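This report concerns only the one structure given below.
Whatever order the structure lists them in is the order used to number ligands and atoms, beginning at 1. Just so you know, these numbers come straight off a predicted model, no measurement behind them.
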Amino acid sequence: MKGNHSEDDDDILSDEEQQAAYHARARRKSVFAEAYNPEEDEDDDKQVILHPKTDVQRRTLNAAVANILLFRSLDQEQKTEVIDAMFEKGVKAGENVITQGADGDNFYIIESGFFGIYVEIDGANKQVGSYDNTGSFGELALMYNMPRAATIKAVTDGVLWAMDRTTFRRIVLKSAFQKRKMYETLLESVHILKSLSSYERMNLADALISKTFENGQTIMRQGDNADGMYFVEDGEVIVRMTGDDDVDREIKVISKGGYFGELGLLNQQLRAASILAKGKVKVAFLDKQAFERLLGPCMDVMKERTEDYQEELEKIFQSTAAISNTH
Ligand code: 1OR
């Protein structure tokens with residue numbers, strides 16, 4: 001990586017080591033970094049440059065920041081620091097905001113404008129996505145000390161909020177990095193998420209919120225509104241359902257790596273069952289908005305799997321009906 005940062009910057013690895021680590025990561029198809037240890041980050045000592053803002057700017061920035069998944073791991077004080085440190089940057093249609101392979105200078109939040117995402121695949125520059133007046137980009141190079149993974153080009157004129165590398169690493173890096181690391185193994189083990197790229201899984205990790213429940217506690221109640229879905233991080237949950245006959249039955253147990261609560265979101269319906277903790281359980285919650293934003297590529301697999309529910313249910317209700325008939 002050619003350096004446009006000063007010698008005493010946070011580079012822990014030599015240029016060659018960083019290149020080697022980058023290519024090894026690319027081969028493993030995973031961009032979750034292991035070589036980098038945020039605990040040894042030297043950026044802590046550096047001064048964050050504050051950019052004064054008008055009340056209007058502060059309000060718009062507050063709204064933009066609220067949607068950034070990467071900032072979910074920050075506390076209120078850190079969010080205020082982030083807002084103080086961001087600066088506005090206008091861009092012209094046709095301008096490359098980020099060029100693949102370059103060093104990472106800033107992280108960006110989109111205030112307005114349409115941006116194309118391009119990645120070089122087999123020597124050709126291919127468009128792999130776009131941002132339409134919302135979103136953020138440029139975190140990878142700053143988080144994992146690697147060259148820019150994609151080119152971001154402004155398709156229209158636009159306005160960005162930028163945060164310099166030092167501020168990003170000092171305020172955002174550690175908590176966001178740890179959160180991505182924490183959910184990496186879990187998300188890799190969930191069957192319905194197999195179609196996500198590692199980049200998409202990292203965005204999903206940013207969005208998750210862990211919650212713990214004690215034995216017997218209700219996590220969701222049949223008939224409630226569906227506000228999100230859950231992945232089981234540790235322990236087990238029991239699915240219970242009250243049928244048309246008003247009998248409450250245990251339907252099944254879901255354990256680590258399993259998930260629940262997706263049905264209500266997929267079908268826009270009330271909770272079809274109650275979920276209770278079986279022993280102490282830790283779950284990761286994904287809210288409805290993030291579900292819709294991030295799980296597009298998994299919708300078909302999830303829907304297919306819900307078709308199995310009906311069969312499972314019919315079997316349970318038939319067998320319990322058979323049992324009650326014999327008594
Ligand atoms: P960066 O610092 O590497 C380019 O600078 C930014 O583009 C990158 O951070 C991300 O914020 C953003 N793969 C890698 N980077 C992406 C991707 C992406 N999309 C946006 N960025 N993929 C597209 C997934 C829809 C995977 C392509 C194979």
Side-chain angles (χ1 to χ4, degrees), residues 1-5 9-11 18-19 21-23 25-33 35-36 38 43 64-65 67-72 86 89 91 95-111 113-155 158 160-169 172-173 176-177 179-180 184 187 193-207 290 292-299:
M1 187 156 75
K2 275 185 252 78
N4 61 3
H5 310 294
D9 204 337
D10 47 9
D11 296 343
Q18 289 204 12
Q19 288 291 345
Y22 174 61
H23 289 300
R25 268 200 298 277
R27 274 197 302 278
R28 279 175 29 229
K29 283 207 312 213
S30 168
V31 270
F32 283 106
Y36 171 65
D43 268 350
V65 161
N67 284 326
I68 305 303
L69 298 174
L70 199 61
F71 291 170
R72 284 213 171 157
M86 296 205 90
K89 188 172 187 267
V91 287
E95 191 180 318
N96 276 1
V97 184
I98 283 180
T99 305
Q100 186 175 354
D103 280 346
D105 47 4
N106 296 322
F107 167 69
Y108 298 98
I109 297 178
I110 299 167
E111 175 63 38
F114 193 91
F115 299 83
I117 309 167
Y118 301 86
V119 175
E120 206 181 296
I121 301 167
D122 298 332
N125 216 20
K126 298 225 167 76
Q127 180 161 5
V128 294
S130 59
Y131 300 103
D132 187 358
N133 282 291
T134 177
S136 63
F137 55 81
E139 78 293 355
L140 289 181
L142 307 188
M143 282 182 91
Y144 303 109
N145 252 336
M146 61 188 221
R148 293 298 197 187
T151 294
I152 310 288
K153 188 184 187 121
V155 178
L160 298 169
W161 289 103
M163 181 194 288
D164 68 74
R165 178 188 175 91
T166 305
T167 309
F168 181 90
R169 291 178 71 90
V172 185
L173 182 71
F177 185 96
K179 195 170 173 194
R180 287 184 171 195
E184 179 183 3
L187 295 182
L193 304 179
K194 290 275 185 266
S195 54
L196 293 182
S197 68
S198 60
Y199 179 70
E200 290 165 325
R201 268 202 295 275
M202 287 191 287
N203 289 330
L204 183 55
D206 294 339
E292 283 161 4
R293 230 163 96 186
L294 301 172
L295 291 195
C298 317
M299 288 299 164

Heavy-atom closest pair, residues [X] and [Y]:
X	Y	value
L196	L294	CD2-O, 4.0 Å
L140	A149	CD1-CB, 4.0 Å
R148	Y108	NH2-CE1, 4.4 Å

- Item | Sorted by chain and number, the residues that approach ligand 1 to under 4.0 Å with a heavy atom | I98, I117, V128, Y131, F137, G138, E139, L140, A141, R148, A149, A150, I152, Y199
- Who pairs with N203 by side-chain hydrogen bond (donor to acceptor under 3.5 Å, both in side chains), at least two apart in sequence or on another chain? none
- Between the side chain of Q100 and the main-chain N/O of E120, is any donor-acceptor distance below 3.5 Å? yes
- Message: Quick check against the 3.5 Å criterion: does R169 have a side-chain atom that pairs as donor or acceptor with the backbone of L142?
- Response: yes
